[in-house]
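Everything below concerns the one structure shown next.
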Amino acid sequence: LAPVTQDAYIPSMPVMAVELHTTESAVGLSLQINWILSGLVALALGIASDKYGRRPVLLFALTCYVIGSLIAALAPNVGILIFGRCIQGVGGGSQALCYAISRDMISDEEERSQFNNVLSILGCLAIVLAPILGGMVAVFMGWRMVFILLACWGLLALFNIFTLLPETKQEAAPEAKAADEQGTFEPLLTVFRRSLRPLGLMICMWMLMGTLFGQLSSLAFVFDIAYGSGTTEIFFCMSALAISALGGCAACFLMLKIHTSWQVLKLGMAWLLALGACFLSMGFVQVQPPIYSFVAFAAAYIFGLNLLMGPLRSVLAEPFGDAAGIANGLAMLLEDPSGAVLGFIFTWAVETSGQSAWMVALGLTAVLHQVIFWGLVGDRAEKDPIFASPSEDFARQVSEGSKSKGSPKRV
């Protein structure tokens, strides 16, 4: 829902500004507010789902989504449109619950990584197809029909959840209940006290997703300023980047059949390190590659980002157990804001100093990714007991007990 909601009406924004008697920047504000609110609400929904269950919170979010879509469809002015988009953003924040539900229902880490990767593939497809389909609907039936169809889609999702999805969150363990009584964020703080590796993964998630959003939002300016590309050429270049994103998700899906999530994650980070070094070198020596070579480098970087997203989301959720909802909400909290910040930095770099400055900015961001991952997470993070599944953790406790007491107690 979230990618479609954010992108479906972008081609209609000039027409919407005319019909609502406002400016394009005011209509664009409805887009930016929805991004920010979806991230903030994701954290709140995650907290609520840990406390009250996934199903009721998801039903509430989707109800808000349908109501917000209808308000936006019937908006007589831009103020009501923004109000409807705010309510719609509550439903967009429910994406965090999808990963929490997968954590509840799929105990095997590799199977969960593959499922999360499917979600990533669907998200990429939505990002690619939403503006195209939304533009076609707007051309033939008007921009209001876009929001009506979004409301229908949300209503269908609401019906499916209501009829088919049971509550997936299991009864919390006594330790988790005690931590919950101490404070909402106590389960997270407990994990972070035990190890900084989950925090490092969370920071990596914020930065990697922010880099993806920032890169995509600024590349059109690079093609325009550095190469003088027209609309058609920019369209084909951006299409190549979208195909590379889908290719990264597909490669991840195949690699997880023979490798662990940690192995794929490390391979993806090494891939980004090599490409970041290439961008940094080209930027410092001020080399301007041919446009299609530049597109190939940018596409390879986006390929690597999508290669590691599924495994990263999977291993990130592992240590938090019953607090997976708030953990995934916190992981999504700064994705869109970091994308907005990095997008502004990348765009400012190319507008003020040209393509070389853009490549240096991306290269330095890639270096920062590596410092955070290898510095906070490390090369042997999978050996950390905090990432053990419940069965592995029990086996480890039994083994330790047998060494200290001679034989384990039956539980």
Side-chain angles (χ1 to χ4, degrees), residues 1-6 29-72 82-104 116 119 123 150 154 157-158 161-162 165 167-170 172 176-177 179-192 198-199 201-203 205-206 209-210 213 313 316-317 319-341:
L1 282 177
V4 174
T5 304
Q6 293 168 358
L29 183 63
S30 68
L31 183 68
Q32 296 160 1
I33 287 179
N34 183 270
W35 286 353
I36 296 173
L37 196 63
S38 294
L40 295 176
V41 169
L43 177 60
L45 293 179
I47 294 172
S49 72
D50 287 339
K51 187 172 184 180
Y52 302 109
R54 317 292 188 210
R55 189 171 185 269
V57 175
L58 193 55
L59 291 173
F60 168 77
L62 290 175
T63 301
C64 291
Y65 180 86
V66 173
I67 294 173
S69 299
L70 292 176
I71 292 175
I82 292 175
F83 175 70
R85 290 283 290 168
C86 289
I87 299 178
Q88 198 182 40
V90 176
S94 63
Q95 183 178 350
L97 301 184
C98 298
Y99 297 102
I101 290 172
S102 73
R103 172 64 178 79
D104 297 337
N116 289 342
L119 294 181
L150 289 177
L158 182 65
I161 297 298
F162 185 78
L165 182 70
E167 177 56 55
T168 62
K169 185 177 182 299
Q170 303 299 319
K177 291 182 178 179
D180 184 62
E181 293 175 356
Q182 296 176 11
T184 301
F185 294 94
E186 185 60 30
L188 291 181
L189 296 177
T190 300
V191 172
F192 293 152
L199 179 60
L201 290 173
M202 196 166 290
I203 296 174
M205 175 65 71
W206 294 337
M209 289 301 296
F213 295 153
R313 289 190 184 277
L316 175 61
F320 297 98
D322 293 324
I326 183 176
N328 280 284
L330 185 60
M332 294 182 63
L333 176 63
L334 295 181
E335 287 181 3
D336 289 337
S338 64
V341 171

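Note: hydrogens, waters and symmetry copies are ignored here, and every other heavy atom, side chains too, is used. All residue numbers in this chain count up from 1 along the given sequence.
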> Once you round to the nearest 0.5 Å, how far does CD1 of I161 lie from CG of L62?
Replying inline: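 Reported to 0.5 Å precision, the distance equals 6.5 Å.
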> Atom CD1 of I82 and atom CG of L37: how far apart are they, to the nearest 0.5 Å?
Replying inline: 12.0 Å
Locate the shortest heavy-atom distance separating [X] from [Y]; write the atom from each residue and the value.
{"X": "A61", "Y": "L45", "value": "CB-CD1, 4.0 Å"}
{"X": "Q88", "Y": "L150", "value": "NE2-CD1, 3.9 Å"}
{"X": "R55", "Y": "E167", "value": "N-OE1, 3.0 Å"}
{"X": "S94", "Y": "L58", "value": "CB-CD1, 3.7 Å"}

> When you look at F60 and V90, which way does the side chain to side chain contact (heavy atoms under 4.5 Å, CB included) test go after all the steps?
Replying inline: CA-CA 9 Å; F60 168 77; V90 176; 4.2 Å; yes
> Any chance CZ of F83 has more than 12 other-residue heavy atoms, nucleotides or ligands included, within less than 6.0 Å?
Replying inline: no
>> When you compare the side chain of M205 with that of L201, does any pair of heavy atoms fall below 4.5 Å?
In response: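 The answer is no; the side chains never approach within 4.5 Å.
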